[in-house]
Asker: 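Take this structure, written in structure tokens, and hold onto it; I'll ask about it next.
A, B, ... follow the sequence lines: proteins, then strands. Residue 1 opens every chain.
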Number of protein chains: 2
Amino acid sequence: MPNLLFKLNERLYLRDPQHTLLGQNIIRVSIDMIDRLGFEQFTFKKLAEEIDSTEASIYRYFENKHRLLLYLIAWYWNWMDYRIDLVTIGLTNPQEKLRASLKVIAEEKKIDPNFEFVNEEALYRIVVAELDKTFLTKWVDNDNKEGLFGGFKSLCRKLAGWVTEVNPDYPYANSLMSTILLTAKQQVFFAQHLPSLTSITKKETSQVELEYFLETILFKSIL
Amino acid sequence: MPNLLFKLNERLYLRDPQHTLLGQNIIRVSIDMIDRLGFEQFTFKKLAEEIDSTEASIYRYFENKHRLLLYLIAWYWNWMDYRIDLVTIGLTNPQEKLRASLKVIAEEKKIDPNFEFVNEEALYRIVVAELDKTFLTKWVDNDNKEGLFGGFKSLCRKLAGWVTEVNPDYPYANSLMSTILLTAKQQVFFAQHLPSLTSITKKETSQVELEYFLETILFKSIL
DNA sequence: TTAAATATAATAGTATTACTATCATAACTG
DNA sequence: CAGTTATGATAGTAATACTATTATATTTAA
């Protein structure tokens, strides 16, 4: 069981949480707590209690809880990028690459044993519920300047590149792929909480429905 | 200059702000302040100071600031619905209705003299920046049960109905229209803050670009 | 092996937020 | 003009998001 690490933007943290036990605990338990409580109700104080540490110690790893969320979501997009590489590495046709990527994007996540101390199922739910909060803040422009959205942006760029390979005349490749990536999460959220806003059901078939919906948007737009 | 009022869900407020001077001040100045400060930095205390009133008085109109945001955004969707009615009333062909609606959806908003004490330009920016925060909370399910998202849902339903009229076999009408409505805001936000995630520019042409982008997604998907 | 450096824990403190409560006064209403 | 209702003035509270200080472990380097 290989234990992989992602090299994330160093500005996301003050001290790298992957390298110490306390840091790993912060990641592991914060994923669990944000999933359970929601990001607003989650605090460093509560986290400190659950891992038998102190607020002050956590603040030595992350400047604030917003940075911690940025870290977790950056990790998620890195992981997505990595899995898209895995399923497209053997493919040469950009259209096939996109189709394979969509499968990964629409997938409900299963635990990935390659990564200890990251519960990918809980992290997936966090992304669904909290993703937009990473950029809908007064810090967007600064966070962006520091490169904290790099993971999402490079993934979007990669997919948009394939779109342009498929159809060099399609002028909205970036918009289309950011829309697809965000819509994949939003529709899952709607299925759970505002079902009249979606055609995706809560049943086991929802993954396939989402995939077809995204496929239609993507390929009808560019072909 | 007719002064219209929208009848919004009564549960959005404790006392109807449209009917008193204080209430109108709350609406008018909160739109201005949320636009300037962002929703997180906006507080009832600051608002009270600017309108020369007190926190306690504001709390007699709105249970909390989240409800106030829900109110403003509900007002916006009502207004959008009203304007879509205006441009589609004479049309019989559902495809033409959708095309006319898209124009309204992609439009950068101009002040509407029909509504005193609502600065539609500022409100538009609020919707772009804060819309998702109305439902990405721990209260979603309860707020939904109380019908507080009614404006958005009924608009989505109307548009999805036209989609189904155009193509009864297209199975994702609701998903498609909620995606269009949200994407219209998101892409504008990206153009302003994360330009590498969008193909829409910041120039005067952005409105047309957005409209074409949404048109492509919508009509290619269903035709 | 010990001294120095560093990480963590323990504790305390601060300004701000999101309220709730009480009471006086002003304004409008029947 | 009496009674109701709306607003203002003021105070208070628990929780949040930090910052600061000091003591004690633990690691590392000489």
Side-chain angles (χ1 to χ4, degrees), chain A residues 10-30 33-34 36-72 117 130 133-134 136-139 142-143, chain B residues 10-30 33-34 36-72 117 130 133-134 136-139 142-143:
Chain A
E10 288 182 11
R11 296 181 182 231
L12 286 164
Y13 49 80
L14 298 173
R15 191 193 304 300
D16 191 336
Q18 294 182 117
H19 294 330
T20 67
L21 186 63
L22 177 58
Q24 293 172 4
N25 277 333
I26 290 173
I27 301 305
R28 190 170 44 79
V29 178
S30 69
M33 289 184 77
I34 295 174
R36 276 180 6 239
L37 306 176
F39 185 63
E40 274 68 34
Q41 280 58 53
F42 165 80
T43 69
F44 278 3
K45 194 175 184 190
K46 292 176 188 169
L47 173 60
E49 278 161 27
E50 282 211 30
I51 62 177
D52 274 311
S53 180
T54 63
E55 261 186 290
S57 299
I58 296 168
Y59 274 105
R60 279 191 214 98
Y61 282 82
F62 291 99
E63 220 174 307
N64 52 51
K65 72 172 185 167
H66 179 245
R67 291 276 163 137
L68 171 56
L69 182 64
L70 283 173
Y71 180 93
L72 296 178
F117 68 81
E130 323 286 0
K133 294 174 192 166
T134 56
L136 295 175
T137 72
K138 60 164 175 174
W139 308 289
N142 182 62
D143 289 353
Chain B
E10 290 182 9
R11 296 181 182 232
L12 287 165
Y13 48 81
L14 299 172
R15 192 193 303 302
D16 190 336
Q18 295 182 116
H19 294 330
T20 67
L21 186 64
L22 177 59
Q24 294 172 4
N25 278 334
I26 290 172
I27 300 305
R28 189 171 43 79
V29 178
S30 69
M33 290 184 76
I34 295 173
R36 276 180 7 238
L37 306 176
F39 185 64
E40 274 68 35
Q41 278 60 51
F42 165 80
T43 70
F44 278 3
K45 193 172 185 196
K46 292 175 188 168
L47 173 59
E49 278 160 28
E50 282 210 29
I51 61 178
D52 273 311
S53 180
T54 63
E55 262 186 290
S57 299
I58 296 167
Y59 274 105
R60 284 190 204 98
Y61 281 82
F62 291 98
E63 222 173 306
N64 51 53
K65 71 172 187 167
H66 180 243
R67 291 274 164 139
L68 171 55
L69 182 65
L70 284 172
Y71 180 92
L72 297 178
F117 68 83
E130 322 287 359
K133 294 174 191 165
T134 56
L136 294 176
T137 71
K138 59 164 177 174
W139 308 290
N142 182 62
D143 289 352

Asker: Using whole Å, what does the distance between atom P of nucleotide D:dT27 and atom NE2 of A:H19 come to?
Answerer: 17 Å
Asker: To the closest 0.5 Å, what do you measure between CG (B:L47) and CD1 (B:I58)?
Answerer: 4.0 Å
Asker: Taking atom CZ of A:R67 as the centre, report whether more than 12 heavy atoms of other residues, nucleotides or ligands fall under 6.0 Å from it.
Answerer: yes
Asker: Is there a donor-acceptor pair under 3.5 Å between the side chain of B:K65 and the backbone N or O of B:F42?
Answerer: yes
Asker: What is the distance, rounded to the nearest whole Å, between atom CZ of A:R67 and atom P of D:dC18?
Answerer: 11 Å
Asker: Would you sort out whether B:N25 and B:S53 count as a side chain to side chain contact (heavy atoms under 4.5 Å, CB included), showing the intermediate values?
Answerer: CA-CA 10 Å; B:N25 278 334; B:S53 180; over 6 Å; no
Asker: Do A:L72 and A:E130 come close enough that some side-chain heavy atom pair is under 4.5 Å?
Answerer: no
Asker: Side chains of B:P17 and B:I27, heavy atoms from C-beta outward: is any pair under 4.5 Å?
Answerer: yes
Asker: Can you name the one residue among A:Y61, A:F39, A:F44 that meets side chain to side chain contact (heavy atoms under 4.5 Å, CB included) with A:L68?
Answerer: A:F44
Asker: Between D:dA17 atom C1' and A:K138 atom NZ, what is the distance in whole Å?
Answerer: 12 Å
Asker: Whole angstrom is fine here: how far is it from CD in A:E49 over to C1' in D:dT16?
Answerer: 13 Å
Asker: Is a side-chain N or O of A:K133 found less than 3.5 angstrom from the main chain of A:L69, in a donor-acceptor match?
Answerer: no
Asker: Determine, for nucleotides 6-21 of chain C in 5'-to-3' order, which nucleotides have protein heavy atoms under 4.0 Å from the base (write B), from only the sugar-phosphate (write S), or from neither (write -).
Answerer: -SBBB------SBBBB
Asker: Based on the rotation axes of five pairs at each end, what angle does the helix from C:dT1-D:dA30 to C:dG30-D:dC1 bend through, to 10°?
Answerer: 20°
